[in-house]
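To start, the structure itself, in structure tokens.
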Amino acid sequence: MNACAFDELAGSYDETFTDTVVGRELRSLVWSRLERIFRPQQRILELGCGTGEDATRLASGGVRVVATDPSARMIEVARRKARRRACERHIEFHCLDMEQLGPSLDGETFDGVLSNFGAINCARRLPLLVADIAVRLAPGAPLVWVVMGRRVPWEWVWFLVHGQWHKAWRRLRRDGVEWRGMRISYPTPHELTALLRPYFAIERVAALGFALPPSYAAKWLEHAPRTMQVLTWFERLAQRFAPLASWSDHYIVEATRLRPEPGPAGAGIRGE
């Protein structure tokens with residue numbers, strides 16, 4: 001992963017997404033799930049912690065978070081945030097690429113794993129990442145990943161209206177999209193859950209950003225509270241309909257680590 005790409009965004013990320021009306025609403029939907037799934041004193045691995053918004057939220061509730069990100073500047077912002085919120089004793093920060101966690105975290109077992117708002121889309125070898133994360137989790141450990149989707153009607157309409165045809169269809173490319181020296185991929189919910197299934201039981205797939213637009217198309221909602229209220233109502237309703245996950249800006253995958261089972265002689269271990 002190209003850390004420099006995210007170093008450049010560290011200083012403005014909260015302003016342009018986290019603290020916007022759409023960013024706050026989408027993150028609150030994710031948090032409502034995290035607070036049901038992760039428990040105080042559990043030790044959770046976070047992939048792509050960014051500015052630490054999720055890590056500090058969990059840590060403030062007593063969850064111990066091992067927060068990783070390839071960007072040193074993102075980690076700096078996250079550390080400052082943890083100090084301001086008086087929860088830094090519950091967070092270990094590591095400047096690490098999620099595909100290169102060892103040897104720093106080799107031999108450690110976690111009670112769960114979290115990745116929010118598209119960090120997983122930056123993985124160069126997603127099948128290998130899934131396998132590596134699986135062996136670091138205890139049986140029964142939850143996984144919560146929020147991934148950018150491939151088919152986004154809001155994106156199509158926004159860019160077509162603004163005459164940017166090439167951007168409207170960018171996520172549909174099977175080989176992904178070049179962005180700031182990186183290649184971003186957009187697995188569908190079906191593709192991602194297929195990669196997870198050898199190691200995890202899929203518990204829930206839900207839309208995120210079906211009714212609410214992507215952040216780059218949402219500035220107008222800062223001055224349209226009634227429209228925001230209506231779209232938020234539809235966004236929360238969309239959580240009940242799993243098929244909508246295939247038509248949203250992001251989607252949430254929740255899964256549980258399977259207990260590895262011995263297979264026939266010479267066949268290896270199931271779930272490993």
Side-chain angles (χ1 to χ4, degrees), residues 1 30-50 52 54-59 61-70 78 90-147 185 187 189-206 208 245 250-263 267-272:
M1 187 184 295
V30 177
W31 283 351
S32 72
R33 302 304 303 174
L34 300 185
E35 289 164 1
R36 296 184 185 189
I37 292 169
F38 298 129
R39 297 285 180 263
Q41 302 308 314
Q42 285 184 323
R43 191 162 182 260
I44 303 303
L45 174 64
E46 183 179 9
L47 307 174
C49 69
D54 300 313
T56 55
R57 174 77 176 200
L58 288 171
V63 178
R64 295 176 296 154
V65 184
V66 177
T68 68
D69 199 282
H90 287 302
I91 308 176
E92 300 173 31
F93 288 107
H94 295 268
C95 189
L96 289 173
D97 187 319
M98 62 185 166
E99 294 181 274
Q100 298 175 349
L101 296 178
S104 297
L105 300 180
D106 279 353
E108 298 198 42
T109 301
F110 297 94
D111 300 312
V113 62
L114 162 68
S115 187
N116 205 359
F117 290 115
I120 295 301
N121 298 83
C122 301
R124 296 176 293 273
R125 297 172 296 275
L126 189 52
L128 294 181
L129 174 64
V130 169
D132 181 53
I133 295 303
V135 299
R136 298 176 187 276
L137 297 180
L143 171 149
V144 182
W145 283 359
V146 179
V147 182
S185 63
H190 175 77
E191 291 169 343
L192 181 56
T193 54
L195 291 176
L196 291 170
R197 277 200 173 91
Y199 314 96
F200 295 88
I202 307 302
E203 307 291 350
R204 181 176 181 266
V205 178
L208 189 72
H250 291 77
Y251 58 91
I252 308 170
V253 174
E254 299 171 13
T256 302
R257 177 66 167 109
L258 295 170
R259 182 176 297 278
E261 298 178 3
I269 303 294
R270 181 185 174 190
E272 292 288 2

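This one's a predicted model, so the numbers in the text were calculated from it and none came from an experiment. For the numbers below, each heavy atom of this structure counts, side chains included, while hydrogens, waters and symmetry mates do not.
- Residues satisfying the side chain to side chain contact (heavy atoms under 4.5 Å, CB included) test with A201, not counting sequence neighbours, are E203, L258.
- Residues L101 and I133 have side chains in contact (heavy-atom distance under 4.5 Å, counting atoms from C-beta outward).
- A donor-acceptor contact shorter than 3.5 Å links the side chain of D111 to the backbone of R43.
- Considering only residues two or more places apart in sequence or on other chains, F200 meets the ring-ring contact (aromatic ring centres under 6.0 Å, His included) condition with none of them.
- Scanning all heavy atoms of the two residues, the minimum distance from P189 to A245 falls at CG-O, 3.7 Å.
- Taken from CH2 in W145 to CG in N116, the straight-line distance is 13.0 Å, to the nearest 0.5 Å.
- Checked by atom type and distance alone, the side chain of R33 never pairs as donor or acceptor with a backbone atom of I252 at under 3.5 Å.
- Checked against side chain to side chain contact (heavy atoms under 4.5 Å, CB included), A206 has the following partners two or more places apart in sequence or in another chain: R204, Q239.
- For the side chain to side chain contact (heavy atoms under 4.5 Å, CB included) test, residues two or more places apart in sequence or in another chain that qualify with R57 are W31, E35.
- Here the shortest heavy-atom pairing between V113 and F38 reads O-CZ, 3.8 Å.
- Judged by distance alone, with hydrogens and angles left aside, the side-chain atoms of T256 form no donor-acceptor pair with the main-chain N or O of A141 at under 3.5 Å.
- Screening residues 115-144 for ring-ring contact (aromatic ring centres under 6.0 Å, His included), with sequence neighbours left out, gives F17-F117, F117-H250.
- With D69 contributing its side chain and G50 its backbone, the two residues share a donor-acceptor pair below 3.5 Å.
- At least one donor-acceptor pair closer than 3.5 Å links the side chain of R257 to the backbone N or O of Y199.
- Of all heavy-atom pairs spanning C95 and P70, the tightest one is SG-O, 3.5 Å.
- You'll find the side chain of M98 reaches within 4.5 Å of the side chain of I120, heavy atoms only.
- When all heavy atoms of I91 and A59 are compared, the closest pair comes out as CG1-CB, 3.5 Å.
- For the pair D54 and E46, the tightest heavy-atom approach, listed with the atom from each and the gap, is CB-OE2, 3.8 Å.
- Between atom SG of residue C122 and atom CG of residue L47 there is a gap of 11.5 Å, rounded to the nearest 0.5 Å.
- Contacts of R197 classified as side chain to side chain contact (heavy atoms under 4.5 Å, CB included), with partners at least two apart in sequence or in another chain: T193, I202.
- R64 places a side-chain N or O within 3.5 Å of a backbone atom of Q41 that can act as its donor or acceptor partner.
- Taking every heavy atom of both residues into account, L195 and P127 meet most closely at CD2-CG, 3.9 Å.
- Using a 4.5 Å cut-off on side-chain heavy atoms (C-beta onward), L114 and I37 make no contact.
- Put simply, the side chain of T56 does not reach to within 4.5 Å of the side chain of H90, judged on heavy atoms.
- Rounded to the nearest 0.5 angstrom, S185 OG and L192 CG are separated by 9.5 Å.
- In this structure, the side chain of E108 does not engage the main chain of L105 through any donor-acceptor pair within 3.5 Å.
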